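Take a look at the structure set out below.
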Amino acid sequence: MSKREVTFLDVTLAPSPTPTGWAEKLARFLLSRSPLGKLVRWVAAIKASVHAKLLAGFMFVTLLFIGMGVMSLQTITKMSDQAQLLDEAHERVHSSQEIQHALALQMNFTAMALLLKDETTVENILRENNRFSNTLARLEKAAQPEEVELIQRIRAAQGEALTTVADIANLVRDRKIDDAMRLQLTKEYPLYQQIEGLVNQLVQREREKMDRLRASVAAANRNTLILMAGSAAALILLASLLGFVISWSFILPVQQAHGFLSEVAKGNFAATINVPNRDEFGALADRMNHMSQELHDLYESQRRGSEELRRLNDRLQQASKAKSDFLANMSHELRTPMNAILGFVEMVLDGIYGEVPPDLKEPLTDIQTNGKHLLRLINDVLDLSKIEAGRMDLVLAEYSVQDIVETVRASLQSLALEKGLELVAAAQDDIPVALGDGKRITQCLMNLVGNALKFSKRGSVAVWVERQGDDLLYRVSDTGIGIPQHELENIFTEFQQVDTAITREFSGTGLGLNITKKFVEMHGGRIWVESELGKGSTFFFSIPLRVNHGGAT
Amino acid sequence: MSGKTVLYVEDNEYNLKMVRQLLAHTSYRLIEATDGEMGVVTALKEMPDLILMDIQLPKLSGLDATRRLRADPQTADVPIIVITSFALSGDDQKAKDAGASAYLSKPYSPRELLQMIRKLAPEN
């Protein structure tokens, strides 16, 4: 198990839970190649709750927008002020033009008065003069110092011109037209020309002032526009940055957690998650590390436990195998002397060494009987040890159920006769030649019938085999001592006989039923017993009927 | 009269003695070998009419000795009775596969052994 630490900003180790798009790639590039990564880490490390961080972020953006609003408001006010200034400048230009006009009219009316020799026209001149003076006064009120001087000069000249007009008017009234004309030509006309020059100068100045103001307003507007656009762009950038930093300070630990949990899911309990967050995510990461540690400890102790178990199991298996090997060898080693014992006894009883004295016949037969019993024991022990070592293989071949029943009947007929019991053995006629280990099935039936004869003192033992669906059902019933209800389930375990007294009376290995059960099970069948104490028992075993379809009869 | 020769390959002296005494009352002549290799050598040298071969023998197992004798043209047709000791799963089949004419499981009845010998190599 690899020790792997899943670290914050370790982009390669924390695969994105969602398919990576270009935006995510860009974000990861920025995080790994720019100071933004540091900033994200710094924000993550701020000791505050996610709620507080989000609130602070939103508040900051909101404040920026409020600031922007204030700035806009100021700009609007300033622009309206400037518009007013521009209006005023326009007004002044208009006023100075009005003066110009009034002056022209004055000159015109003077000329008319001379031409018409009419006094009334002089009133018109005075009216225009008044208009001129009023307008000039209006201009003077808001005039710059250099303009004031100009205006005063105009006013002085205008005063002089008015005096001259009055003189001319008097001359006209006195019908001294020639004098009046002369005065008009020599004094009034040059005066008006002077005033006109001054007024033109004033108009020019006002116009220039207005142009300057207009240019400055335009410049100010342009600057304001640039400032506003710049502020807006900066605001958007700042808000995005803030959003980016805050969101990634949350996304990264979530992705870390995802990567970490994937590691854990893969079984790497040594993985740890390391995030700089000191908020809920940091707490979550701590809990996850704790969980990982717990899982790791649990896994380790479980692994140690199962290793221990496996070692123990190996040792047990070795011991079991050694036991079985030992038993198998022992059985073989026992058979060789048994061969000599039983062989010699048989030869003696067969009279090979001469006639056997009558009183020796019984002890010799006893030796033979016990020798054969010992041999059965050895055979059973060998079978059992082979079965338990898993080395008992069935030899599958075709066999006839009728033959098996007949073999068993023939083998045990003499024992039945000896005990005065009736042995009836038969099988259903139409059972086909079956596939299986005939030798083992014979052994099973032999065991059951042998037991039945052994435990019956009178009556009969009946063997019947029939086909039941896809199974062959073997039944061995006796009229023997029966089996107590509470012993029924133990009857098939090794070395179990109903009680030891009975064992002494009915000698047996105590292995027969166990071996029978195992052979039946190896054939895929099952064995059971029904019994009534004192009345007898019936043993059943059923084996699936397999028929060699490709074969002969 | 010249009786037929029976070779018994067996390492247990009591079993040898038993068969020796069993055949003493018959016309068969018994020759003995106490391990597999010696059994093969003796068989090739003496050319017996029948061989009794124990399955578990020192040096060379009874099955291997049987295979060797079957492979040699001189002894390919000599009847061989293999005496198996496990007589359980597949020992008889192994004996047949090795080339045994018949098999007998230990412990065998001397009476049955004699019957089998008489069947495979009838007395003159």
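When reading the values below, keep in mind they use all heavy atoms of this one structure, side chains included, and skip hydrogens, waters and symmetry mates. Here the structure is a predicted model, which is why all the values come from computation and not from measurement.
Among residues 347-355 of chain A, the residues having any heavy atom closer than 4.5 Å to a heavy atom of chain B are, in sequence order, A:Met347, A:Asp350, A:Ile352, A:Tyr353. Against chain A, the residues from residues 6-25 of chain B that qualify, each with a non-hydrogen atom under 4.5 angstrom away, are B:Asn12, B:Tyr14, B:Asn15, B:Lys17, B:Met18, B:Gln21, B:Leu22, B:His25 in number order. Within residues 28-38 of chain B, no residue has a heavy atom under 4.5 Å from a heavy atom of chain A.
A:Arg335 contributes atom CZ, which lies 13.5 Å from atom OH of B:Tyr108 (distance to the nearest 0.5 angstrom).
Within a 6.0 Å radius of CG in A:Asp470, other residues, nucleotides and ligands contribute 12 heavy atoms or fewer.
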Kindly list each side-chain donor-acceptor pair under 3.5 angstrom involving residues 112-120 of chain B, sequence neighbours excluded, with atom names and distances?
unit_1   : atom_1 : unit_2   : atom_2 : d
B:Arg118 : NE     : B:Glu123 : OE1    : 2.9
B:Arg118 : NH2    : B:Glu123 : OE1    : 3.3

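In terms of heavy-atom proximity, B:Pro107 sits nearest to A:Asn339 at CA-OD1, 3.0 Å.
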